[in-house]
Trainee: 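Okay, here's the structure, questions in a sec.
Note on naming: letters A, B, ... go to the chains in the order of the sequence lines (proteins, then strands), and numbering restarts at 1 for each one.
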Amino acid sequence: DAGVTQSPTHLIKTRGQQVTLRCSPKSGHDTVSWYQQALGQGPQFIFQYYEEEERQRGNFPDRFSGHQFPNYSSELNVNALLLGDSALYLCASSQTPFGVSQETQYFGPGTRLLVL
Amino acid sequence: GENVEQHPSTLSVQEGDSAVIKCTYSDSASNYFPWYKQELGKRPQLIIDIRSNVGEKKDQRIAVTLNKTAKHFSLHITETQPEDSAVYFCAARTNNFNKFYFGSGTKLNVKP
């Protein structure tokens, strides 16, 4: 039973560039949430995707966008990268049977993004 | 929105002692409170959780208590071991859509 996977594991970009991060949820899960974890901080909720739509969003600018595919995998896109976007980006998957979220979520290993 | 505060930021205990980490939340509608353990360079792992209709939950050496009136919840680890050393995060779910707010973390160091 595969857990949550993310790619790539590490990424280095320069300011102004764009980046795409990928997440495959745990088998049987249909909901993907994305978090940004700055060094020494707790994860901050970016947004959540369910049924290929953004269902919830945290306090992040429109430079952060996402997508969910029919197989439930998801992408996080960040445009016009800033130095402050350097962080560990985590995705978490969960189940939403009949539209009701199950609380338990499982995290992927994360993608560490460094913006120079 | 919800605000979760976590204390202390660092905690050092001797092996075998107990450790307590405390969190407060601001949104009375929050209904689910998980705790995660994150070892260096690894993903957060769920270690215990509690729902708002329960006051206490225990799993071997780990327990969590919730005081809804005071809006705080705590993680208790008894008989600590060196492998308990990690960063621990509390979190609160504010609605039924799995939007979680995390505390800033507690770095626990268990000295052998």
Side-chain angles (χ1 to χ4, degrees), chain A residues 2-7 9-10 23-26 29-51 53-60 74 87-112, chain B residues 1-10 21 23-25 27 29-54 57 59 64 66 73 75 86-108:
Chain A
V4 183
T5 60
Q6 291 185 244
S7 63
T9 56
H10 296 83
C23 172
S24 289
K26 180 178 169 64
H29 285 190
D30 55 9
T31 302
V32 174
S33 300
W34 285 93
Y35 292 84
Q36 181 194 67
Q37 186 177 23
L39 201 61
Q41 299 293 317
Q44 287 198 47
F45 180 85
I46 303 175
F47 43 52
Q48 179 187 93
Y49 276 84
Y50 169 66
E51 291 189 335
E53 290 187 356
E54 183 184 292
R55 196 158 81 143
Q56 289 278 291
R57 191 176 182 93
N59 190 26
F60 279 81
S74 176
L88 178 67
Y89 288 85
L90 295 161
C91 78
S93 75
S94 56
Q95 292 177 298
T96 308
F98 309 107
V100 178
S101 293
Q102 299 299 298
E103 304 107 337
T104 305
Q105 60 177 359
Y106 296 88
F107 282 92
T111 294
R112 189 162 295 282
Chain B
E2 174 66 283
N3 181 42
V4 177
E5 294 191 354
Q6 183 172 348
H7 301 280
S9 56
T10 59
I21 302 171
C23 287
T24 61
Y25 61 98
D27 190 341
S30 291
N31 57 16
Y32 171 71
F33 308 90
W35 286 88
Y36 291 88
K37 175 183 180 182
Q38 188 175 29
E39 296 177 66
L40 192 62
K42 298 199 172 176
R43 72 188 78 190
Q45 299 263 20
L46 178 68
I47 56 171
I48 196 166
D49 55 14
I50 191 166
R51 290 172 178 80
S52 57
N53 59 350
V54 175
K57 183 176 178 180
D59 182 4
V64 57
L66 171 65
F73 56 113
L75 176 71
V87 179
Y88 291 81
F89 292 99
C90 62
R93 188 178 87 155
T94 61
N95 56 33
N96 292 324
F97 295 101
N98 273 8
K99 184 174 182 178
F100 286 88
Y101 289 86
F102 281 77
S104 54
T106 296
K107 185 174 182 180
L108 174 64

Trainee: Tell me, side chain or backbone of A/T96 under 4.5 Å from chain B's heavy atoms, or both, or neither?
Mentor: neither
Trainee: Count the heavy atoms of every other residue, nucleotide or ligand shown that sit under 6.0 Å from CG of B/N53, and state whether that count exceeds 12.
Mentor: yes
Trainee: Pick one of side chain, backbone, both or neither for A/Q6, based on which atoms fall under 4.5 Å of a heavy atom in chain B.
Mentor: neither
Trainee: Do you know the tightest heavy-atom contact between A/V4 and B/R43?
Mentor: O-NH1, 3.4 Å
Trainee: Give, as side chain, backbone, both or neither, the part of A/Q56 having an atom under 4.5 angstrom from any heavy atom of chain B.
Mentor: side chain
Trainee: Pull out the residues in residues 39-49 of chain A that come under 4.5 Å of chain B, heavy atom to heavy atom, sorted by number.
Mentor: A/G40, A/Q41, A/G42, A/P43, A/F45, A/Q48
Trainee: With only heavy atoms counted, which part of B/P44 is less than 4.5 Å from chain A, the side chain, the backbone, both or neither?
Mentor: both
Trainee: So for atom NZ, which belongs to B/K57, do other residues, nucleotides or ligands contribute more than 12 heavy atoms lying within a distance under 6.0 Å?
Mentor: yes
Trainee: Who wins among A/P109, A/G58, A/S33 for the most heavy-atom pairs under 4.5 Å with chain B?
Mentor: A/P109
Trainee: Between OG1 of A/T104 and CZ of B/R93, what distance do you get to the nearest 0.5 Å?
Mentor: 9.5 Å
Trainee: Between chain A and each of B/Q38, B/Q45, B/K107, count heavy-atom pairs under 4.5 Å; write down the option with the most.
Mentor: B/Q38
Trainee: By a 4.5 Å heavy-atom criterion (distance strictly below it), what part of B/Y36 contacts chain A: side chain, backbone, both, or neither?
Mentor: side chain
Trainee: Rounded to the nearest 0.5 Å, what separates atom OH in A/Y35 from atom CZ in B/F100?
Mentor: 5.5 Å
Trainee: For A/R57, which atoms come within 4.5 Å of any heavy atom of chain B: side chain, backbone, both, or neither?
Mentor: backbone
Trainee: Pick one of side chain, backbone, both or neither for B/F89, based on which atoms fall under 4.5 Å of a heavy atom in chain A.
Mentor: side chain
Trainee: Less than 4.5 Å to any heavy atom of chain B: does that hold for the side chain of A/Y50, its backbone, both, or neither?
Mentor: neither
Trainee: Tell me, please, which residues at least two apart from B/Q6 pass side chain to side chain donor-acceptor pair (under 3.5 Å).
Mentor: B/T106
